[in-house]
Amino acid sequence: GNERRKGASRAEEGESQTRPERIDRGRRKRTRSHQDTKGSEGDEEVQPKIQSGRAAKTRKHTKNEKTRKKEEEEKAEKGEGKERHGKRKKTSASKKEREEVGGKHTMKEKAQEVKRKNIIQQMNCIHNSLSSEELEKLKEAVDERKKLIQALRGKPWPIKKKCVILRESQEFVEKYEGALGKGKGRKLYAYKVLMSKALMGRPYGTIPRKTVPRAEATSAMDFAVLWDFGVSCIITLTLTTSCFLQWPFHATFRKMCFQGYAQYSVLFYGYYNNQRAVGWLKFRMPLSYFLVGVGTVAYSYMVVIRTMARNANESGVGDDNSFNFNWRMFTSWDYLIGNPETADNKFASITTSFKEAILEEQESQKDDNIHLTRFLRVLANFLVLCCLAGSGYLIYFVVRRSQKFALDGLENHTWWERNEVNMVMSLLGMFCPMLFDVISALENYHPRVALQWQLGRIFALFLGNLYTFIIALMDEINLKREEENIIKFNITVWEASLFNGTVSVNSTAPPVTIEPADVPRGPCWETMVGQEFVRLIISDTMTTYITLLIGDFLRAVLVRFLNYCWCWDLEAGFPSYSEFDVSGNVLGLIFNQGMIWMGAFYAPCLPALNVLRLHVSMYLQCWAVMCCNVPQERVFKASGSNNFYMAMLLVILFLSTLPAIYTIVTIPPSFDCGPFSGKQRMFDVIQETLESDFPAWFGKVFSYASNPGLVLPFMLLMVLAIYYLQSTSKSYKEANMELKKKLQTVVQNMFPPLVQQSCFNVYF
Amino acid sequence: MGTTASQLGKDLLSEYQELTFLTKQEILLAYKRFSELLGKDEKDVLHERVPMDRILTLPELKSNPFRKRICYVFSTSDSKNGSLTFEDFLDLLSAFSDSATMEIKSHYAFRIFDFDDDGTLDCGDLEKLVNCLTGETDETKLTAEEMRQLISNILEESDIDKDGTVNLSEFQHVISRSPDFVSSFKIVL
């Protein structure tokens with residue numbers, strides 16, 4: 001308590017020294033004498049002061065602008081003094097403050113109260129002219145204090161110290177700002193405090209988290225799953241809202257194909273009516289279907305690219321490896337590990353990584369037997385190409401066979417023959433990566449590089465398979481369209497026959513009522529495509545779960561129980577428990593997302609199915625990891641940042657949406673099903689909307705804008721902009737490297753080493 | 001939760017929220033866990049100082065190779081014995097929380113790794129650090145040659161002023177480029 005009073009009086013003196021001519025000496029003596037009195041006496045004196053203070057306040061309120069300004073400027077002086085006072089407190093008094101126990105709290109409070117009232121009194125009593133600079137200074141002081149309060153959280157000081165500073169600063173701000181703005185500032189400040197307190201309880205922070213003893217740092221896995229989940233959720237939300245918007249308007253089930261119960265559902269393209277405006281809201285259903293489809297793709301692009309940009313920003317100068325050893329040293333330990341077994345694993349892996357890094361550094365100079373290595377690598381790549389070609393041909397062959405089966409009639413064949421295509425694709429996806437792993441043993445690359453090659457090859461495998469599948473699907477689409485033409489022809493013949501029977505050539509006929517259900521139905525290639533994708537995804541999911549159960553769970557059970565009666569140690573040697581393959585799983589998620597993107601236009605509820613599937617997968621794999629897996633021995637990430645996986649995701653997004661876009665633009669929609677039936681091309685719906693729903697001038701503007709003569713120069717401009725940005729980015733990188741080198745040489749040469757050390761120690 | 005919440009006053013709670021990176025739930029959970037560490041006769045949770053060996057029984061710290069250093073760094077006791085009060089404990093959790101900034105984390109990481117508390121990481125500190133990370137057993141320790149090589153590589157990468165030690169700014173420069181640091185330097189109750 002005494003400390004504070006002394007400090008306050010020190011401040012007063014400081015002020016008075018700077019402006020002796022301004023402050024009335026008599027008043028100063030009076031206030032100082034007030035400061036020196038003990039707490040109890042101070043209380044009695046406070047009473048009359050409070051009253052006078054209040055009186056002074058009312059007087060103040062009635063003053064005019066000029067005198068108020070003068071007062072404010074004066075307060076600036078006080079503010080400065082208090083600042084100095086505050087800073088001094090931080091350095092000298094902070095230690096003592098820390099030692100004060102709660103017992104002294106009340107005395108401190110009282111002393112603070114007294115001091116505050118004194119200062120208010122002073123403010124009210126002194127009416128001297130103040131310049132506008134001092135007003136500015138006061139505002140600055142208040143702003144600085146506010147910034148300090150905001151930044152307090154990020155300061156590396158103990159809480160006690162921060163508490164003191166916080167209370168002081170809050171007091172200062174409240175007093176001066178509130179007084180300044182006639183209470184407006186106070187309200188604003190209180191509002192800000194309230195808002196920050198309200199926002200403090202962020203939704204995710206309110207759930208107390210449980211420690212999960214982590215088997216390993218699966219940051220890439222977590223990220224991918226959560227991100228995937230998030231994006232899937234948003235896509236699902238968009239699609240389901242658009243679905244449910246026209247749910248009450250589907251009184252007519254006219255446009256449905258009659259093969260299987262699921263086909264009635266919202267799941268497939270064929271469910272949707274081609275009515276232009278549905279219900280009393282005049283909901284433009286076909287337009288909405290088209291726009292939602294295009295919109296989800298655009299949204300996905302935006303999200304992926306934004307995430308990549310953010311990752312690139314955070315990882316600083318991109319993906320440089322210049323701090324390899326430092327990072328292994330300082331950032332390799334995972335502080336969330338709570339399990340001693342996990343800790344031991346982590347110690348082992350850290351030791352291995354140190355030893356390998358050291359070896360790598362030593363061997364990077366050596367370069368022996370390069371010809372043999374090169375030959376082996378070429379051989380390995382050749383083998384891999386053979387594998388890829390083989391798998392592509394196998395899929396093509398199987399698809400052709402399934403078409404033959406379809407022509408024969410599906411009932412005559414076994415379950416395997418009916419689902420051959422999907423099963424073959426899933427099995428290839430399971431066994432080929434293992435083959436690639438074996439082949440890569442020939443190559444003798446550094447593990448990180450080998451992992452990147454492996455991922456690249458699996459990527460190529462997946463793409464090859466998917467595109468072969470799509471080409472085969474195209475054949476089927478063409479078949480269906482031929483069928484459609486035949487049926488159209490048949491319908492015209494049938495309708496003609498209805499008329500021919502009742503009327504002669506030249507008279508007008510009474511309209512013949514045709515029952516809608518009697519009209520022969522046309523085939524629906526879009527629904528077929530959607531069905532194929534759903535089947536693909538389901539078979540993929542089933543394969544994953546079955547491999548999980550057999551490959552991981554069964555293996556773990558066998559190893560655990562057969563170990564008792566086996567000749568060699570099953571747990572240490574072959575086969576032991578299976579490792580949790582982070583990169584393989586992330587890749588699986590990415591491919592899954594690619595398939596969803598491909599099929600989403602033709603099977604709108606596919607994202608919803610996928611969300612469900614992700615939920616189930618997450619829990620199943622969580623259990624499997626805890627129960628049957630061991631962490632990888634060497635944790636080599638494909639790259640430092642997550643941008644590697646995001647880049648793959650971007651490529652897959654592009655390649656997945658390509659087939660859908662191609663079909664939208666080239667193939668005419670079925671005449672008899674879906675929201676675009678009867679149109680020449682699917683995007684004609686936009687043309688229609690422009691013509692009928694928008695004013696005439698809008699349509700003109702749009703037609704000018706979509707003129708190739710305008711679009712081509714625009715594209716050229718964008719290409720030039722990309723080129724320009726790339727060259728500036730390269731020059732920035734070079735400048736960065738130069739500055740780094742310069743920094744090193746400057747610091748080395750400027751000072752002798754001893755002075756340097758002391759310099760840095762003091763400064764930092 | 002009801003009884004513990006009433007023991008930690010609302011004002012104090014909101015003040016702690018203002019001064020740390022922790023949310024209200026996290027502070028209350030910390031209060032509960034800290035009060036579990038106290039003995040039967042120690043009732044005043046806010047002002048009692050808990051000795052280091054009891055703090056180290058927390059499962060979150062038990063397996064951490066830097067547990068003792070963490071206690072020393074966050075302790076505000078005069079005798080530097082690593083004992084923590086509740087506020088020190090909150091400081092600890094705040095620095096290791098999800099929302100703490102890179103600056104705070106790197107500042108405290110530096111202090112934790114500075115075994116001799118001289119403000120720089122010299123060869124002795126780095127050696128102790130490596131020994132902590134490679135575990136206690138002899139099989140996992142690095143040989144003297146490997147250690148020497150490792151330390152010289154580290155200094156080559158990060159020591160900009162070539163004084164043979166890594167100071168705070170050099171450390172922060174290295175750490176800010178690391179993609180893993182923020183996510184690994186985390187302790188959650």
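We name chains A, B, ... by the order of the sequence lines, and we start the count at 1 in each one. All values reported here derive from a predicted model rather than from experimental measurement.
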Query raised in the report: Among A:Leu152, A:Ile350, A:Asn326, who wins on heavy-atom pairs under 4.5 Å with chain B?
Result: A:Asn326
Report task. Return the option, out of A:Thr331, A:Ile159, A:Thr351, with the maximum number of heavy-atom pairs under 4.5 Å with chain B. Result -> A:Ile159
Requested in this report: Quick one: list whatever passes ring pair (Phe, Tyr, Trp, His ring centres under 6.0 Å) with B:His107, sequence neighbours left out.
Outcome: none
Where [X] and [Y] come nearest, the two heavy atoms and their spacing:
X	Y	answer
A:Lys162	B:Leu19	NZ-O, 3.2 Å
A:Met329	B:Leu129	CE-CD2, 3.6 Å
A:Phe325	B:Ile154	CB-CG1, 3.8 Å
B:Thr20	A:Arg153	O-NE, 2.7 Å
B:Ser63	A:Gly338	OG-O, 3.3 Å

Do [X] and [Y] come within less than 4.5 Å of each other through their side chains, counting heavy atoms only?
X	Y	answer
B:Arg177	A:Trp327	yes
B:Leu133	A:Ser332	yes
B:Cys132	A:Trp333	no
A:Lys160	B:Thr76	no

With a 4.5 angstrom heavy-atom cut-off, could you sort out which part of [X] is near chain A: side chain, backbone, both or neither?
X	result
B:Phe96	side chain
B:Gln149	side chain
B:Leu58	neither
B:Tyr108	side chain
B:Leu121	side chain
B:Phe113	side chain

Would one find more than 12 heavy atoms of other residues, nucleotides or ligands at under 6.0 Å from atom [atom1] of [X]?
X	atom1	answer
B:Lys128	NZ	yes
B:Glu36	CD	yes
A:Lys355	NZ	yes

Once you round to the nearest 0.5 Å, how far does [atom1] of [X] lie from [atom2] of [Y]?
X	Y	atom1	atom2	answer
B:Lys62	A:Ile337	NZ	CD1	14.0 Å
A:Leu336	B:Asn64	CG	CG	10.0 Å
A:Asn324	B:Asn153	CG	CG	9.0 Å

Query raised in the report: Can a salt bridge be assigned to the pair A:Arg167 and B:Glu15 using a cut-off of 4.0 Å between side-chain N and carboxylate O?
Result: yes
**Report entry** Proximal component of A:Phe354, with respect to chain B [non-hydrogen, under 4.5 Å]
**Finding:** side chain
**Report entry** For B:Asp116, side chain to side chain donor-acceptor pair (under 3.5 Å) partners two or more places apart
**Finding:** none
Query raised in the report: Using 30° and 60° as the class limits, which term best fits the ring planes of A:Phe330 and B:Phe171: parallel, tilted or perpendicular?
Result: perpendicular
Requested in this report: Determine the option with the most heavy-atom pairs under 4.5 angstrom with chain A, choosing from B:Thr143, B:Leu155, B:Leu126, B:Val182.
Outcome: B:Leu126
